[in-house]
Each structure stands twice: as C-alpha cells, then as structure tokens.
Amino acid sequence: MENLLHIISNIFIVVGTFFILIGVIAIFKFKDFFSRILSTSKIDTVGAITILSGLAIRHGISWFSAKTILLMILILIINPLKSHTLLRYAVISGHKNKKAKGNKEVAK
Amino acid sequence: MTTTIMSFWLFCNIFVLFQKKLLSMILWLFLSSIIASLGFLFLGSPDVAMAEATASAFVTIIFIVCFENFFGIKNLQNFIEEENSKTRENIFKKIILPAFVVLCTFALFMNFLPQAPQDTYLKNLYILRASTDVGGQNVVGAIYLGYRVYDTIFEALLLLIAVVAVVHLSHFDGVYKKDGKQSEVKNNAISLFTVRIVAPITVLFGIYLIANGAITAGGGFQGGLAVASFFICRFLIFDIYDIPIKKVNKLEDTIFVAVVIMASLMVFHGFFGEIPPNYLPIAQNIYLFIMNLLIGIKVACGFTILLYRYVAIERN
Amino acid sequence: MNSIELISIIVFFLGLYGLLTNRNIVKTIVFASMMEVGIIMFWLSIGFTEGMVAPIVASMFEVDNYQVYISDPLPQALMITAIVIGISITAIKTIMFITLYRKFKTTDWDIAKIKSKEVSKEAIQKG
Amino acid sequence: MSLFYMSLLEIILWVILLFAIVCVIRVIKGPTIWDRVLGFSIISSKLVLIIAIFSSMRNTAYLLDLAIIYTLFGFLGEIFLITFLSKNVKERG
C-alpha cells in the first residue's frame, strides 16, 4: 500500500516539474510582456498545485498533508490574482507592445 | 545545496550594488533578502527565516511609502532619470575596484576568523537542559524567554524608543482629512476580493504562530509582525486612517511594563529560591504562553503605529 | 571556517563599499540594510555542517549524532531580536531622510552639508 | 554524493533551484520594469516549492508554516510595489 502511494506521488511530482519546465521556457521564448505573463502565470500555478498534491499523497492522512492542502488553496487564490493585478496596472500605466502591428492601426 | 543557495544570494547582492535606478535596486534587495531567508532555513534556523521573510516585505513597504511621500509624481520621474545621466563609469572601474577593496578588507579580517572547530560545550548545555529549566519544546524560544530574558526586555525598550522617534519626527497632529481620492486597489474588484481574503488569513496565522511559539518554530516576534501586516491590508482596502494612535501608543507602554513585571517575577523568584528554580511544567508553559502573547501584542502595536505614521505623512 | 562564513563577510564588505561610494542618501540606507543581513548570516553560519536540524526537541532526536547536527540556538535567539530592531531602525533612517528632504530639497550628502552650514551661519548672524 | 544514490525528491529540489536561478536572467535583462516584477514573482513561487519539498524530505510539518508566510508576505510586498509603479511609471526603457 505504501509503495503504491509513493509511486503515485512520484508521478505527480515529475509531472509538476515538467509543467514548471514549460513555464520557464515560456519566459524566454516569447518576446513581449503580455504573452509572457499569459503563458507563465497559468503554468506556474498548475505546476505548484500538482507538486504539492503529490507531497500530500506521499504523507497520507496527517498534519503535513492538511497544511499542504491549506497551502494549495492559498496558492490557488493568490497566484493568478497576483498576475492579474500586475497585468492590469501595466495596462493602466500605459505599457504597450512596440513591435505589435495592431497598435499602429489603433493609434491611427 | 546550502553553498549553492548562498552563492545565489551573493550574486543577487552584487546586482544590488550595480543598479542605477532606485526602484530596481529595491526590487533586487527584496529578492536577495528572500533568498537569504531560504538560506537561514537550510542553516537549520526556521525561526530566523520566518522573521527575515516578514522583514523583507516590511522593509520594501517602508522604502516604497518613503518614495511616495516626498518625491511627488513628477519629481520622482526626474529623480529616477537623473541618476542615469549623472554617474557614468566604465566597467573596469565598476567591477575591478569594488573587488579589490573587498578582497583587501577581507585579507585584513582573515586573521580574526576561527580556524579550528569550535568548542560546543555551551550549545550542548542549552540543548540538553532547556526543556527542563525553562520548559517548552523550542530551544530558541526558551533562550530568549528564559536564559536571556534581559535581551528581550531591552529589545522591547528599543522598539518603544524607535516608535517614539518616528512619532516625534513626523509632524502630524492626528487629524486626517479625507480627500475624495480612492486608492487604486479599491477600483479593482478582483484585487479587493483577494486582499479581503488574505487579510484575515494573515491575522489567524499570526495568532497561530504566537500560540504555538513554545512548541514549534515561531513566537512573539514573528506572530506580531504577521498581525501588524493586517493593518496594512486594511489600509489597502478601505483607504481610511481612523486608528486611534494615542490609545495604541498607551497600550504599547502598558504592555511593556507588563513584560518587565512578568520577566522580573521569573528572575527574582530564581534569586530567592534554587538556581535554576524548579517550576512545575504547567507553570512553565503558562509563563511561556503569556510572555509570547505580550511580546506579540507589543510588536504588533509598535509596527502598526510606525506604518500608519508613514501613511499619514503621505496624505498630509 | 567554512564557505558560508566567507560569503557572508564578502557581502558585508560589498555593502560597505556601496555605502562609501554613493552620494545618494537613500542608496546608503539600502546598503546599510544589506550589511545587516550579511552580519546575521555570519552569526548563524558559525560551526555549520551540511544537513543541520533546527533546535526543536521533537525533531532533535531523530538524528543519530545529534550533538553535531543540531544548529546552535544561542545566535538564533539573538538574531531574531536583531531583525526586529533592524526594521524599526530602517524606518527611523528613512523618516530622518524625509525631514531632511523637506528642509533642503536634495538627496545628496554634500549639498545637504553645505546647505545646513548656510542655515547655521544665518542663525548665528541673527543672534 | 553521487547521483545514483539520490532520492527522487532530492533531484527535484536541485532541478527547481536550477529553474529559480535561470529565471533571474529575466530579472536582469527584462526590457521593462514589469518584466522584472514578473520574474520576481515566478522566483518567489519556486522558493515556496523548495521549502515544501525540503520539509517533506525531513518529514517535519512545522517547516510548512514558513512556506505559508512566504506566499502571504510575497503577495503583500508585491502588491505595494505594483501599485506604486502604476502611479509613477510612464512607458520608459
């Protein structure tokens, strides 16, 4: 039984790190701020939640898994909304993509 | 592992040194102190790591409010740009000179460092006897509430003096006029929702840290800092300044007196009885809990006064 | 002496270098808080060995050679107070800078010095 | 310690630390200040994961308190930074 739990949690953790790897690649691949924040913030949240759920499965029913579930809920609330405020204030302060073609048409 | 994190920290600190703009400098400082707190965890001291993680956020908030106050919007823009045009040094001067100075001073310092492994007699004494002498599970808490309680008293006194200095230096008479402006967060429904959820959680978590201070990592200082952050969140949501500063100040004073009385009760009882005094474990636990609670309330009061003073200056 | 002590001392002197070579007042305050973290790291890293455990009784006795692998509790207890004092001291520094900026409208050490001398001369002439 | 004897969690710990170090490059060369703040938020979320995995390796629940404090206070400091930036920064560099 314990072996099975360990195998399941290992699968979860490896999948989570794979998600985070994709997020890290996305930071460097895209060339403007808006596409970067779109790709990385979502993938980062998903990766964190998968890794933490893997840790919770590994420890069974205990204080440790209860605290990881609390941490998961906090990350689920905070992480996307943090990126939302970042994006919103970037737009408010007048940040634009210089290279994008659509902006010129809007300006005209 | 630890060495890798430490070199990461050193790297971040070097970037703090080379930054020209003030804002990016403070971003790098925030990053470096957060990584330093991770390093404290790997050095085996989670209490200090907690205090540092809260301190990093507090220090950035203090710097940001300081900028907001006195440079105004247009002045600040000039202030940031001005720095770039003024100081132009070549890379040779920027990298070689600091490296040379650091190495020279380090070579002077080298002789004073301990070469042989340290004698760990005192450490073993504390670890073996703390839970019977003072009580509780956390040896760090046992030291700053039991063996070295004088340090804690003088720390509380220093915090009191700092609050008095801030209150004295900020010329604000306590009357706040609301000027139709609302904070940026208030316009945004989603951020408002987030802060509303986060603020109660921080308070609950601070109370949890204070209550469990004797058993696990945490204690009065860290819990007090977490509780004080609630009032910053409250300012972010409602944008009002209605906390009775004078009453909070009086509460802080009385609690300082209570801390001194509580500590001296413990110490003087030790003088008249056996050394170390043999308390019952229940009495020890009650003492630790009350002391943690008092210190937590005192730190929370001090930092709310301090931060609200800053906010008040901005509005005045 | 281990590598972490060395790194923390280097950070301390980096902060000192920045403090000496910058004219801007806010930047000197930032470097002072950087030096403080270096000092705290130096205190905690004395006698460090890899894989240390926190000095909490419940987790202490799981380790075999517990007298070596438990971190020293005394500097930790001192450094917690040092951090809390450090925050309040940065607050005092910044608020002193704010009063100075209100009076002289500069962020430069030298100009502030010159202006303060002028102010004191005027005060002497007035009597 | 050779790689063969490492447990899976230890390898994951190293990998995530490597990701955090790689993300610093975005903070260094981000063309605008917004990119820097984005890189900072991603690094802080990775540090939370490092703490969680470390506490799982040690099998100690009380280290997770530190992870919760990281998420709460990182959010708070970042919100203050962002609101300040939105007032004062107008499309530069």
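Below, read A as the first sequence line, B as the second, and so on, with proteins coming before strands; counting in each chain starts at 1. This structure is a prediction, so every number in the text was calculated from the model and none was measured.
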Answer yes or no: is there a side-chain heavy-atom contact under 4.5 Å between [X] and [Y]?
X: C/Met79; Y: B/Glu52; result: no
X: C/Gln76; Y: B/Tyr144; result: no
X: B/Phe63; Y: C/Ile29; result: yes
X: C/Ile87; Y: B/Phe303; result: yes
X: C/Val37; Y: B/Asn13; result: no
X: C/Val26; Y: B/Met25; result: no
X: C/Val84; Y: B/Glu155; result: yes
X: C/Pro55; Y: B/Val140; result: yes

Please find the pair of heavy atoms, one from [X] and one from [Y], that lie closest to each other, and give the distance.
X: C/Gly18; Y: B/Leu17; result: CA-CD1, 3.6 Å
X: B/Ala55; Y: C/Ile83; result: CB-CG2, 3.7 Å
X: B/Ala217; Y: C/Ile56; result: N-CD1, 3.6 Å

How far does [atom1] of [X] sit from [atom2] of [Y], to the nearest 0.5 angstrom?
X: B/Ile62; Y: C/Lys93; atom1: CD1; atom2: NZ; answer: 10.5 Å
X: B/Ile143; Y: C/Leu78; atom1: CD1; atom2: CG; answer: 8.0 Å
X: B/Ile5; Y: C/Ile7; atom1: CD1; atom2: CD1; answer: 11.0 Å

Residue part contacting chain B, namely of [X], when any heavy atom lies under 4.5 Å:
X: C/Phe31; value: side chain
X: C/Thr81; value: both
X: C/Leu16; value: neither

Structural part of [X] lying under 4.5 Å from a heavy atom of chain C:
X: B/Ala165; result: side chain
X: B/Thr54; result: neither
X: B/Ile215; result: backbone
X: B/Ala156; result: neither
X: B/Leu43; result: both
X: B/Met1; result: both

May I ask you to name which of [options] has the most heavy-atom pairs under 4.5 Å with chain B?
options: C/Ser88, C/Ser71, C/Ala91, C/Pro75; answer: C/Ala91
options: C/Met41, C/Met34, C/Arg23; answer: C/Met41
options: C/Ile89, C/Thr90, C/Asn22, C/Val11; answer: C/Val11

Quiz item: Is it true that a side-chain atom of B/Lys123 and a backbone atom of C/Ile70 form a donor plus acceptor pair closer than 3.5 Å?
Solution: yes

Practice problem: Decide yes or no on side-chain contact (heavy atoms from CB on, under 4.5 Å) for B/Leu159 and C/Ile85, but give the supporting numbers first. | Solution: CA-CA 7 Å; B/Leu159 188 62; C/Ile85 291 168; over 6 Å; no

